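Have a look at the structure below, then the notes.
Just so you know, ligand 1 is whichever comes first in the structure, and atom 1 is the first atom listed for that ligand. Predicted model, so just to flag it, every value in this text is computed and none were measured. We're numbering straight along the sequence, starting at 1.
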Amino acid sequence: MFNKRIKQIAAFSLVAVMGLFAFTGCGSKDDDKIVLGTSADYPPFEFMDTEQNILGFDLMIAEEIAKDMGKELEVKNMEFNSLLTALQTDKIDMILSGMNPDEERRKTVDFSEIYYLSKHYVVVNADKADSIKKEADLNGKKIGVQIGTTQEKLAREKFPGSEIVALGSIQDILLQLKTNKLDAAITEDAVAKNAVNSNKDLVLPGIEYEDEEGGVAVAVRKDSPELVEQINKTIKRLQDENKIEEFFDEAVRLSSENE
Ligand code: ARG
């Protein structure tokens with residue numbers, strides 16, 4: 001009888017302790033690590049090598065942020081469109097995913113300074129190089145963009161008469177473009193250049209758009225000024241040490257090796 005009671009208490013404590021572990025073990029609450037959320041379909045910003053390791057420019061920056069904080073970096077890969085919710089629900093602590101800090105997003109999360117200047121480029125299949133040369137040629141065409149991106153917004157605003165096809169990943173968009181299921185795609189300049197370098201059937205017609213914010217920044221939960229401050233310090237240090245360009249070139253090289 002007494003024994004049974006002890007067993008019950010022991011079992012109960014075990015469950016309680018396990019529960020506590022499950023709770024504290026969920027990443028963001030862990031003090032010695034910082035959890036990065038990214039969408040690894042965006043070379044050279046972030047991509048996967050053949051062993052499913054996530055590499056890229058954003059990863060290099062994130063490593064430096066973690067290092068300056070004395071924390072270990074944990075990486076979670078997900079669709080771009082899930083990143084903001086994951087941040088708000090504490091599944092991740094920061095987003096580096098080639099993300100433009102636009103007005104809409106600023107309502108729900110905070111951003112660091114811009115760490116890389118970028119634009120948006122149109123990519124087309126080489127077969128269409130003669131028929132799609134300027135912006136007006138895209139009217140009425142099928143344009144692929146990644147869901148929930150600034151490029152989706154841009155495409156819908158600029159081409160109300162075109163069919164905008166919003167897909168979850170850049171790889172799917174490029175595949176559809178290569179097989180002529182799409183007439184064009186819009187993505188970040190560096191990603192577009194990377195795509196044409198690794199696919200001879202894709203070309204850049206030279207249709208470009210400035211980004212409204214001018215580039216990409218790190219997103220963190222709203223009202224976390226210390227973290228923003230900390231991240232800005234790392235960005236400043238990397239700029240002063242000319243590391244941003246160096247990392248970027250290195251990421252371009254790595255992504256071309258991993259095609
Ligand atoms: N720059 C665009 C945006 O902020 C697209 C970023 C897509 N990133 C990615 N890793 N797929 O909406």
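More than 12 heavy atoms of other residues, nucleotides or ligands sit less than 6.0 Å from atom CD of Gln88.
The pair Glu257-Arg253 meets the salt-bridge criterion, with a side-chain N (NZ, NE, NH1 or NH2) lying under 4.0 Å from an Asp/Glu carboxylate O.
Looking from atom 9 (C) of ligand 1 to the surrounding protein, the closest heavy atom is Tyr42 CG, 3.3 Å. Of the protein's non-hydrogen atoms, Ser97 O, 2.8 Å is the one closest to atom 8 (N) of ligand 1. Protein heavy atom nearest atom 6 (C) of ligand 1, with residue, atom name and distance: Gly98 O, 3.2 Å.
At least one heavy atom of Phe80 sits less than 4.0 Å from an atom of ligand 1.
For ligand 1, the atoms sitting less than 4.0 Å from at least one non-hydrogen atom of Glu188 are 1 (N), 2 (C), 5 (C), numbered in the order shown with element in parentheses. Listed by number with element, the atoms of ligand 1 under 4.0 Å from a non-hydrogen atom of Thr149 are 5 (C), 12 (O).
Between Glu46 and Ser97, the closest side-chain pair of non-hydrogen atoms falls below 4.5 Å. Glu113 has its side chain out of reach of Val228: every pair of non-hydrogen atoms, C-beta onward, lies at least 4.5 Å apart. For the pair Phe248 and Met60, the minimum side-chain heavy-atom distance is 4.5 Å or more. A heavy-atom distance below 4.5 Å is found between the side chains of Asp102 and Arg105.
The nearest non-hydrogen atom to atom 4 (O) of ligand 1, considering only Arg105, Gln151, Gln146, Glu46, comes from Arg105.
Within the 4.0 Å heavy-atom criterion, the part of Asp41 lying near ligand 1 is the side chain and not the backbone.
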